[in-house]
Amino acid sequence: MLDIKILRENRKLVEEALAKRGSSLPLKNFYEKDEQRLDLLRKVEDLKHKRNMISKDIGVKKAQSEDASVLLQEVKSIGLEIDEYHKTLGVLEEELNSFVLTIPNIPHSSVVYGRTSEDNPVVKTWGQKKEFSFTPYVHDELALSLDIIDFEKGAKIATSGFSLSRGPGALLERALINFFLDVHTKEQGYTEVCIPFMVNGASMTGTGQLPKFKEDLFKIEGEDLYLIPTSEVPVTNIHAQEILEKASLPRYYTAYSPCFRKEAGSYGKDTKGLIRQHQFNKVEIVKLVEPQSSYDELESLLLDAEVLLQRLGLHYRVVNLCSGDLGFSAAKTYDIEVWLPGQNEYREISSCSNFEDFQARRAGIKYRPSKGEKPAFVHTLNGSGLAVGRTIVAILENYQQDDQSVVIPDALRPYMNGVTLLKPVQK
RNA sequence: GGAGAGGUGGCCGAGAGGCUGAAGGCAACCGCCUGCUAAGCGGUUUUCGUCGAAAGGCGAACGUGAGUUCGAAUCUCACCCUCUCCGCCA
């Protein structure tokens with residue numbers, strides 16, 4: 001959520017930001033209503049002040065058993081007036097609030113103008129594309145040959161868009177989760193948290209999934225509960241409605257969770273394989289930091305995610321999302337795109353964002369800059385470290401051999417119970 | 001699921017229609033005092049909104065929302081949450 005004061009005082013900035021994102025919102029309407037609201041508010045507060053004064057007098061008179069009937073008359077009519085204004089004010093406030101919740105964040109100055117993912121500038125590259133003496137297979141074919149992932153069973157148990165992993169495949173999943181968490185907690189200073197996989201509507205609003213992206217969430221029928229689309233939601237909301245000690249910042253958290261997404265807007269995209277599923281595992285890293293350091297923290301958060309791919313020996317590039325590709329809540333996002341030789345393209349495997357105070361304002365996460373000073377909003381950041389399903393895709397496609405066997409990367413071996421090679425299974 | 005108790009400031013805890021943003025204590029901070037420390041004495045310390053250049057003024061907040069009343073932390077209703085006991089259960 002944007003600061004309503006910035007909206008008021010810096011209309012041009014907001015309009016330019018919206019235009020850069022390629023979205024337009026009826027701001028004119030907002031300004032008119034906001035003015036009306038302030039007008040009414042002042043009136044109501046004046047009247048309340050009057051009423052408070054007279055009420056006090058009534059109390060005094062009654063205590064001295066004097067006649068207060070004149071004052072009672074007067075205050076009663078003030079009350080009626082307040083009621084009337086109050087009603088309109090309530091309606092206005094609700095309209096304005098729900099509108100402000102639908103305005104996206106203002107892109108950071110380092111975000112370039114662009115319309116689609118085609119326009120995202122590449123900011124760095126690590127490693128290089130692996131050469132194969134044969135035409136590399138796509139991961140879903142490999143997974144079938146290795147018998148480690150079963151899409152049909154997933155569809156049978158749930159519906160299409162779900163899968164299950166089996167044997168060394170399930171082990172690989174668990175190994176990656178542990179490897180990621182170990183690096184984050186032992187080497188990078190993150191505190192591991194094990195969080196609820198469902199959250200309430202307030203939490204979803206806090207991080208920006210609601211109200212705009214309802215159609216992408218799985219909701220529990222009859223409850224104010226949603227399956228989380230990423231552990232960013234429960235983790236960022238750990239400190240919702242709190243004022244944190246400055247000394248406790250920055251706070252680094254990491255969490256594993258399954259993620260549930262309807263992918264409502266992506267029907268027909270990536271229908272085969274593990275790339276786009278309704279449920280996938282992910283390890284997330286989250287930071288709550290002081291505003292002045294948040295862009296440095298974004299760079300280091302990005303590195304914390306990159307290291308994982310480097311250890312796994314997977315070639316990737318990093319892109320800086322252009323204005324048109326930027327997510328609703330983010331001010332700046334780096335996507336890490338891993339090379340997939342089977343598909344012959346780069347695919348997003350991690351998304352690292354600085355939300356500045358956008359989420360903090362929605363969720364009410366503050367800190368005290370110094371003694372006696374007013375509380376200020378923290379900046380929140382998060383990134384995948386990493387998406388497990390897509391990492392499996394990358395390992396299968398990059399470490400495949402001509403007989404369709406797949407070599408387990410060295411970094412994962414300590415977690416693989418002695419398994420060093422996945423072999424095709426005769427059926 | 002059944003029965004009961006309860007939700008007040010950073011924490012503990014009083015208040016049971018008006019002078020209560022809230023006694024008292026703890027904690028923190030600032031003075032004073034004191035070989036050091038501790039103790040003691042005096043003072044300060046919630047948040048949001050609004051007006052203001054600022055000082056400050058005003059409005060709001062005692063789980064949430066609605067109601068009664070001139071006036072609600074205090075009365076009424078609904079909801080949420082926490083705890084205890086019983087049942088069930090990983």
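Naming: A, B, ... by sequence-line order, numbering from 1 per chain.
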*Roughly how far apart, to the nearest Å, are B:G13 and B:G17 at atom C1'?*
22 Å

*If the P atom of B:U46 is compared with that of B:C11, how far apart are they to the nearest Å?*
14 Å

*Using the P atom on both, measure B:U74 against B:G87 and round to a whole Å.*
38 Å

*What distance, rounded to whole Å, do you find between the two P atoms, one in B:C33 and one in B:G59?*
42 Å

*Rounded to the nearest angstrom, tell me the gap between atom CD in A:Glu245 and atom P in B:A28.*
13 Å

*On a whole-Å scale, what distance lies between the P atoms belonging to B:G65 and B:A60?*
15 Å

*Starting at atom NZ of A:Lys48, determine the distance to atom P of B:A72, rounded to an integer number of angstrom.*
10 Å

*Dot-bracket encoding per residue of RNA chain B, Watson-Crick/G-U cut-off under 3.5 Å, | denoting interstrand*: ((((((((.[[[..)..(.....]]]((((((.......))))))((((((....)))))).[[[[[..)....]]]]])))))))....

*If each of A:Met53 and A:Val75 is mapped to the nucleotide of RNA chain B with the nearest heavy atom, which maps nearer the 5' terminus, i.e. the 5' end?*
A:Met53

Mind listing the side-chain donor-acceptor pairs of residues 9-22 of chain A below 3.5 Å, one per line with the distance, residues two or more places apart or on another chain?
residue, atom, partner, partner atom, Å
A:Arg11, NE, A:Glu15, OE2, 3.2
A:Lys20, NZ, A:Val111, O, 2.6
A:Arg21, NE, A:Asn105, O, 2.8
A:Arg21, NH1, A:Leu326, O, 3.2
A:Arg21, NH1, A:Gly327, O, 3.1
A:Arg21, NH2, A:Asn105, O, 3.1
A:Arg21, NH2, A:Gly327, O, 3.1
A:Arg21, NH2, A:Ala330, O, 2.8

*asked:* When the C1' atoms of B:U69 and B:G18 are compared, how many Å lie between them, rounded to an integer?
replied: 12 Å

_Check: A:Glu192 side chain, A:Thr254 main-chain N or O, donor-acceptor pair, under 3.5 Å_ = no

*asked:* Rounded to whole Å, how long is the line connecting atom CD1 of A:Ile4 with atom C1' of B:U50?
replied: 13 Å

*asked:* In whole Å, measure the gap between the P atoms of B:C86 and B:A73 for me.
replied: 39 Å

*To the nearest Å, give me how far apart CD1 (A:Ile54) and P (B:G59) are.*
13 Å

*Can you tell me if the side-chain N/O atoms of A:Arg42 get under 4.0 Å from OP1 or OP2 in B:G59?*
no

_Whole-Å gap separating C1' (B:G59) and CD1 (A:Ile78)_ = 15 Å

*Taking CG from A:Asp67 and C1' from B:C70, how many angstroms apart are they, rounded to a whole number?*
13 Å

*Given atom CG of A:Asp224 and atom P of B:U64, what is their separation to the nearest angstrom?*
17 Å

*Nearest-angstrom distance from the residue atom NZ of A:Lys76 to P of B:C70*: 4 Å

_Would you say the rings of A:Tyr252 and A:His184 are close, in the sense that their centroids are separated by under 6.0 Å?_
no

*Looking at A:Asn52, does any N or O in its side chain come under 4.0 Å of the phosphate oxygens OP1/OP2 on B:C70?*
no

*Regarding A:Lys219 and the six-membered ring of A:Tyr226, is the cationic atom NZ or CZ under 6.0 Å from the ring centre and inside 45° of its axis?*
yes

*What do the steps show when you test A:Ser329 against A:Gln359 for side-chain hydrogen bond (donor to acceptor under 3.5 Å, both in side chains), and what is the final call?*
CA-CA 7 Å; A:Ser329 303; A:Gln359 294 182 325; 4.7 Å; no

*Whole-Å C1' distance, B:U20 and B:U8*: 12 Å

_Show, in sequence, the C-alpha distance, side-chain angles and deciding distance for A:Ile58 and A:Val75, and conclude whether the side chain to side chain contact (heavy atoms under 4.5 Å, CB included) test is met._
CA-CA 10 Å; A:Ile58 292 172; A:Val75 95; 4.3 Å; yes

*May I ask you to test the A:Asn382-A:Phe355 pair for a side-chain heavy-atom distance under 4.5 Å?*
yes

*Would A:Tyr253 and A:His239 count as a ring pair (Phe, Tyr, Trp, His ring centres under 6.0 Å) if you check the C-alpha gap in whole Å, the side-chain angles of each, and the deciding distance to 0.1 Å?*
CA-CA 12 Å; A:Tyr253 290 112; A:His239 296 293; 5.7 Å; yes

_By the 4.0 Å heavy-atom rule, please label A:Asp46 as base, sugar-phosphate, or nothing._
nothing

Protein-nucleotides 46-49 of chain B N/O pairs under 3.5 Å:
residue, atom, partner, partner atom, Å
B:U47, OP1, A:Arg368, NH1, 2.7
B:U47, OP1, A:Arg368, NH2, 2.8
B:C48, OP1, A:Lys366, NZ, 2.5
B:G49, N2, A:Glu45, OE1, 3.2

*Taking the six-membered ring for Trp and the single ring otherwise, decide whether the centroids of A:Phe213 and A:Phe328 are under 6.0 Å apart.*
yes

*Heavy-atom pair of closest approach, residues A:Gly201 and A:Leu210*: O-CD1, 3.8 Å

